[in-house]
Amino acid sequence: DIQLTQSPSFLSASVGDRVTITCRASQGISSFFAWYQQKPGKAPKVLIYGVSSLESGVPSRFSGSASGTEFTLTISSLQPEDFATYFCQQVNSYPITFGQGTRLEIK
Amino acid sequence: EVQLLESGGGLVQPGGSLRISCAASGFTFSSYAMTWVRQAPGKGLEWVSLITSSSASIYYADSVKGRFIISRDNSESTMSLQMNSLRPEDTAVYYCARQTTGTRQFSYWGQGTLVTVSS
């Protein structure tokens, strides 16, 4: 199974900050990698797919990148609506796996 | 508009069974792989099972293999998850989602249905 180690688990930041969340895969996963945002009581919403492609309707302040087996989600300038929990996901092989999540809170 | 609506959740005793369903609308259901993802209270996301568009391929997480059965009815645009031998650790909100063909992300999700396994 491919393990995804997401960090940090918790992040406190201010509106306007640039933040980075990282996900490290236990083995290569090609480009089948996505990031999701989840707000309390709601279903997850995909932000980034294929490592760096922005899902339709997602603001351009969100971006994704990768270096080897390390994947990064960057929010260039935090907005109030961005405070949520973020999950990474690999869909390269079964079982499909998610990272454990990063809770982003207002400082 | 794509809509996914789960139903069938509820309280069940350990060892019991439950069938949850997902009704789809707003797209050609038979063209897409569909999946179940669950989330235990206060925990992260756990992928459960996936069924391809024609039901030719089915996949399960090890945690549910041999106990859960995924199925779909393309004529009715519905997907189901038959859950047997339920355990307290199966307690979660169960989401159905549609997988995007090619890039494989889960682009559309339902609102979830809560399954509680407790005596």
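No hydrogens, no waters, no symmetry mates; every other heavy atom, side chains included, goes into these values. Chain A is the first sequence line, chain B the second, and so forth, proteins listed ahead of strands; every chain is numbered from 1.
- Residues of residues 7-40 of chain A lying under 4.5 angstrom from chain B, judged on non-hydrogen atoms, are Phe32(A), Ala34(A), Tyr36(A), Gln38(A) by number.
- What you find for Leu50(B) and Ile96(A) is that their closest heavy atoms are CD1-CD1, 4.2 Å.
- Put simply, of Tyr108(B), Trp47(B), Tyr95(B), the one with the most heavy-atom pairs under 4.5 Å next to chain A is Trp47(B).
- Put simply, Val117(B) and Val93(B) are part of two different groups of oily side chains (I, L, V, M, F, W, Y) that touch within less than 4.5 Å, one to the next.
- Side-chain contact between Leu45(B) and Pro44(A): present, with at least one pair of heavy atoms (C-beta onward) separated by less than 4.5 Å.
- Leu4(A) is connected to Val51(A) through a chain of hydrophobic side-chain contacts under 4.5 Å among Ile, Leu, Val, Met, Phe, Trp and Tyr, so both are in one cluster.
- A single hydrophobic cluster is seen to contain both Leu18(B) and Tyr60(B), as judged by linkage of ILVMFWY side chains at heavy-atom distances under 4.5 Å, directly or through other members.
- Applying the side-chain hydrogen bond (donor to acceptor under 3.5 Å, both in side chains) criterion to Glu105(A), with sequence neighbours excluded, gives Arg103(A).
- Both Met83(B) and Ile69(B) are members of a single hydrophobic cluster when ILVMFWY side chains are connected at heavy-atom separations under 4.5 Å.
- When all heavy atoms are compared, the tightest approach of Glu55(A) to Gln105(B) is OE1-NE2, 3.2 Å.
- Contact of Tyr59(B) with chain A is made through the side chain alone, with heavy-atom distances under 4.5 Å.
- Listed here is the closest heavy atom pair of Asn92(A) and Arg104(B): O-NH1, 3.3 Å.
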> Can you list the steps and then say if Phe98(A) with Gln39(B) is a side chain to side chain contact (heavy atoms under 4.5 Å, CB included)?
Replying inline: CA-CA 11 Å; Phe98(A) 290 91; Gln39(B) 187 169 36; over 6 Å; no
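- In this structure, Met79(B) is a member of the same hydrophobic cluster as Val64(B), with clusters built from ILVMFWY side-chain heavy atoms closer than 4.5 Å.
- Within residues 19-38 of chain B, the residues that have a heavy atom under 4.5 Å from a heavy atom of chain A are Val37(B), listed by number.
- Ala43(A) and Gly110(B) make their closest contact through CB-O, 3.2 Å (heavy atoms, listed as atom of the first residue, atom of the second, distance).
- Near-neighbour residues of residues 58-79 of chain A relative to chain B, defined by a heavy atom under 4.5 Å from a heavy atom of that chain, are none.
- The shortest side-chain heavy-atom distance between Asp62(B) and Asp1(A) falls under the 4.5 Å cut-off.
- In terms of heavy-atom pairs under 4.5 angstrom with chain B, the leader among Thr97(A), Val91(A), Val46(A) is Val91(A).
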